[in-house]
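A quick note: this is a predicted structure, and the numbers were derived from the prediction, not measured. All values below come from the heavy atoms of this structure, side chains included, with hydrogens, waters and symmetry mates left out. Below, chain A is the first sequence line, B the second, and so on; all start at residue 1.
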Amino acid sequence: MANMSLQKTPMPEQKPEVRAHNFQEVTTGYTEEMAINEALRCLNCKNMPCVAGCPVNVHIPEFISLVKEGNFEGAYQVINRSSSLPAVCGRVCPQETQCESKCVRGIKGEPVGIGRLERFVADWHNMHSSETPKTAPSNGHRVAVVGSGPSGLTCAGDLAKAGFKVTVFEALHTAGGVLVYGIPEFRLPKAIVQQEVDNLKAMGVDIETNMIIGKTLTIDDLFEQGYEAVFIGSGAGLPNFMGIPGESLKGVYSANEFLTRSNLMKAYRDNPVTPIMKGGNVAVVGGGNVAMDAARTALRLGAENVYIVYRRSMEELPARREEVEHAMEEGIQFMLLNNPVEILGYNNPDDKRDPRNGTVTGMRCIRMELGEPDERGRRRPVPVEGNEFVLDVDTVVMSIGTSPNPLIKSTTTGLDVNKRGGIIVEEGTGATTRDCVYAGGDAVTGAATVISAMGAGKIAAKAIAERLGEIKS
Amino acid sequence: MYDIVNKVSLNPTVTMMDIHAPYVAAKAEPGQFIILRVDEDGERIPLTIAGYDRVAGTVRIIFQIVGATTEKLNHKNVGDSLQDFAGPLGVATELEGLKNVCIVGGGVGCAIALPIAQKLHDMGVKVTSVVGFRSKDLLILEDEFKAASDEFYVMTDDGSYGRQGNVCVPLTEMFEAGRTFDRIITIGPLIMMKFVVMTAKPTGIPCTVSMNPIMIDGTGMCGGCRLTLNVDGQRVTKFACVDGPDFDGYQVDFDEAMSRGTMYRDFERHAYEEACNLFNKEAN
């Protein structure tokens, strides 16, 4: 019998005052009863609008129907046909702008909690089943995947399922890319990512860490080694800074550095080998999901006050609503319509060797107001002249985006990039300007979402399979 | 895992190791660096490549024991292996077209300067080397340097070997005698490189410095290794890992680089002491 509740079955979560001091997951996941109860809200629409809203076209009503019956493993197998990383997607996809935004139940009331159900199904599988995902018999073709983030893992997974021999090359010492160095434990536990990587390995995918493509090996080297196609999913690259005075002071980080220290290098576990600024007041500059992750990480590392400093208003703030709400509940202070103009540092005029010299003491900001819309229709923030103030902070985290990494482009001939440095690809295939080289994810688009990177990896996998099929015949 | 195939103690605080890492050895060039982790959960540290053997597939590193990680590294022996060893990273030192070069090395920086001197020497370039150490006990690679140099000067701060004084002393004398070079390449402590650059400045001889800031990934992702260049009156941010580690010495803001280098000094000292205590306990 259908569940006609207008609200989603509530997601159990740690209380804000508790979770603000630990790195365990914020939300703890549905029980079997909760999952079945939520699945019963799905109307199993014939035209499946939700599927069209999913970048990797998970067969949503089909998996939810199996959840209703309590056939959780069956539901997993349905999702796994389309998505190689369901436990990840169920946690970090912006479902509210994708599948759930198309849900008929959302017209009156809340949409079906598709993301929550996906997470439940994936976690259930990981806890109860050790079944290796099915792969087609080997077709003998070898494909190299550069980068083990969401686009690379998806591309590798789809190709492995289709019978290709795939090797993933990862520059860092651990596979997972942004899922490991960027997204914090409390949103996406490392063990979940590791499990997804292990699933790929079980499907015959080789993962080579410490391989910096563009340096250790070039794209040409990969072809020489016998790989017949290459997918580049090398990620976003170099962090941007604002270009204001004081950004080189001790205590100023890029979000990438701050999060990498905490996540990949495990400063969050009080690992004695990785230092990170803890305590005091922290300002995070920017309003994206990465800024939210940095702010909430700073809080958990022991900061007294954490500020989000964003130059537009809440309406324009690009982070997911859920993340913003969680951050607010935890006590992150949003200083909207403010923009930093200078970071101030300590300087002892009497002692040049004072160790505090060069450390951050504050950040001078200017208040902003919204002016005329820009070419993208977003109202342009303009400074209110003379309206400046100093924010008392010890640490500043710049979270204002990234620029593409030049390592691959600079060592690969025939690979065209756009004026922002993103690799140019054909829409619908991910083909670059070089034959048998494909690309996707942030290396193409600049900083975007996990699921859009996965979508790009999926499209490229299909195109690679078709292309190598052509060559063979 | 990456096997340690050779280990030599060059002096009480400096150790040389050859690491089996064929992919890195195949591509390595003087001036580039690697990132290593000694063990699982270890820190990632950058070390400039001190040599390589493409046939044997080994890469040479020479490191000074200055902190917890280098202490742990020094406790590894032939037959042990390192958890991670990635590279080569950074841009190789530009040596094309040079005819007459002065290499100025300080302390463990000499280990990185040596392969550059050797490569220049092999190219038929006239190499004048000036190396400086605090004292005789800390002297390293003297014979190797001599063999790669047309002229060779050793300085020690305390006068226990060679001449007393810092590396700027012979440099100043050479400039006063009207000597000139196509380029000066200096590698060593920041304070030394700063003074070499100041000494060279009136001559206008191009001066390359090798920067070795705190890094994490080494691939351009974190921005922790950033430094500031003064280019035509503009302050420009560069990342040592992808834009360097070599930079035009006249452009580098050394004071800022020195300040950033002290960011975690207390933490590092504490970690070093803990590592030493641990090894002392094991020994007892």
Side-chain angles (χ1 to χ4, degrees), chain A residues 170-174 178 181-182 208-212 214-218 221 234-241 243 245 247-261 264-266 269 271-277 345 352-353 355 357-359 398 402-407 410, chain B residues 2 21 23-24 26-27 32 34-44 67-69 72 83-91 214 216-228 235-237 239 242-243 253 255-268 270-271 274-275:
Chain A
E170 167 56 45
L172 295 173
H173 56 260
T174 305
V178 72
Y181 75 73
E208 302 264 3
T209 53
N210 296 326
M211 296 295 272
I212 304 114
K215 286 288 179 187
T216 316
L217 291 175
T218 61
D221 292 335
S234 53
L238 319 185
N240 293 340
F241 289 89
E247 283 184 299
S248 294
L249 290 167
K250 293 184 274 186
V252 182
Y253 294 94
S254 73
N256 271 2
E257 180 181 358
F258 190 73
L259 290 169
T260 298
R261 281 181 181 275
L264 178 74
M265 303 312 296
K266 301 172 184 164
R269 281 199 336 214
N271 186 317
V273 307
T274 303
I276 195 163
M277 293 283 182
K352 280 184 75 175
R353 290 170 175 274
N357 284 345
T359 54
M398 288 292 172
T402 56
S403 306
N405 192 316
L407 286 186
S410 65
Chain B
Y2 303 82
Y23 280 120
V24 185
K27 289 282 168 72
Q32 292 187 294
I34 56 93
I35 293 250
L36 66 78
R37 284 199 316 162
V38 177
D39 46 28
E40 185 71 51
D41 285 355
E43 182 185 28
R44 291 171 69 92
T69 300
K72 275 198 284 182
Q83 181 74 28
D84 298 292
F85 195 87
L89 293 157
V91 181
I214 297 171
I216 304 177
D217 61 297
T219 64
M221 192 260 288
C222 84
C225 66
R226 65 191 181 276
L227 49 91
T228 306
R235 287 178 67 76
V236 182
T237 297
F239 296 155
V242 289
D243 301 317
D253 183 338
D255 293 341
E256 180 188 284
M258 281 187 265
S259 174
R260 285 185 65 77
T262 65
M263 189 151 168
Y264 299 110
R265 188 170 276 172
D266 288 348
F267 183 96
E268 285 161 352
H270 183 69
E274 281 204 344

* **Engaged part of A:Leu217 at the chain B interface, taking heavy atoms whose separation is under 4.5 Å** => both
* Between A:Ser254 (side chain) and B:Cys222 (backbone), is there a donor-acceptor pair under 3.5 Å? -> yes
* Asked: What is the minimum heavy-atom distance between A:Pro239 and B:Gly220, and which atoms define it?
  -> CD-O, 3.4 Å
* Asked: How far apart are the closest heavy atoms of A:Met265 and B:Ile216, and which atoms are they?
  -> CG-CG2, 3.9 Å
* Structure fact -> Of A:Leu172, A:Leu264, A:Val178, A:Asn405, the one forming a side chain to side chain contact (heavy atoms under 4.5 Å, CB included) with B:Met221 is A:Leu172
* Contact class of A:Met211 relative to chain B, heavy atoms under 4.5 angstrom -> side chain
* Quick one: pull up CG in A:Leu249 and CD in B:Glu256 and give me the separation to the nearest 0.5 Å. => 8.0 Å
* chain A interface, residue from B:Gly218, B:Ala257, B:Ala26, B:Gly224 that has the most non-hydrogen pairs under 4.5 Å -> B:Gly224
* To do: Let me know if B:Arg235 has heavy atoms under 4.5 Å from chain A in its side chain, its backbone, both or neither.
  => neither
* To do: Compute whether any side-chain donor of one residue and acceptor of the other, for B:Asp217 and A:Tyr181, lie under 3.5 angstrom apart.
  => no
* Asked: Hey, what do you get for CZ (A:Arg353) to OG1 (B:Thr262), rounding to the nearest 0.5 Å?
  -> 11.5 Å
* Name the region of A:Thr174, side chain, backbone, both or neither, that has any atom closer than 4.5 Å to a heavy atom of chain B. => neither
* To do: Counting only heavy atoms closer than 4.5 Å, note whether A:Thr260 contacts chain B via side chain, backbone, both or neither.
  => side chain
* Asked: Where does B:Phe239 contact chain A at under 4.5 Å (heavy atoms): side chain, backbone, both or neither?
  -> side chain
* Asked: Yes or no on side-chain contact (heavy atoms from CB on, under 4.5 Å) for B:Tyr2 and A:Asn210, after CA distance, side-chain angles and deciding distance?
  -> CA-CA 11 Å; B:Tyr2 303 82; A:Asn210 296 326; 3.3 Å; yes
* Structure fact -> In terms of heavy-atom contacts, A:Lys215 and B:Lys27 come closest through O-CG, 3.8 Å
* Asked: With a 4.5 Å limit on heavy-atom distance, are the side chains of B:Gln83 and A:His173 in contact?
  -> no
* To do: Please flag which part of B:Ile214 lies under 4.5 Å from any non-hydrogen atom of chain A: side chain, backbone, both or neither.
  => side chain
* Would you mind checking if B:Asp255 and A:Lys352 are paired as a salt bridge, meaning a charged N to carboxylate O distance below 4.0 Å? => no
* So how far is it from B:Asp253 CG to A:Ser248 OG, rounded to the nearest 0.5 Å? -> 8.0 Å
* Anything under 30° is parallel, anything over 60° is perpendicular, the rest tilted; go ahead and classify B:Tyr264 against A:Tyr253. => tilted
* Asked: What are the two closest heavy atoms between B:Arg226 and A:Glu257, and how far apart are they?
  -> NH1-OE1, 4.3 Å
* Asked: Any donor-acceptor pair under 3.5 Å linking the side chain of A:Thr216 with the backbone of B:Gly87?
  -> yes
* To do: Sort out for me which of B:Thr228, B:Val242, B:Thr237, B:Thr219 touches chain A most, counting heavy-atom pairs under 4.5 Å.
  => B:Thr219
* Asked: Which atoms of A:Ile212 come close to chain B, meaning under 4.5 Å heavy atom to heavy atom: side chain ones, backbone ones, both, or neither?
  -> side chain
* Structure fact -> Answer key: most heavy-atom pairs under 4.5 Å with chain A among B:Gln32, B:Glu43, B:Arg37 is B:Arg37
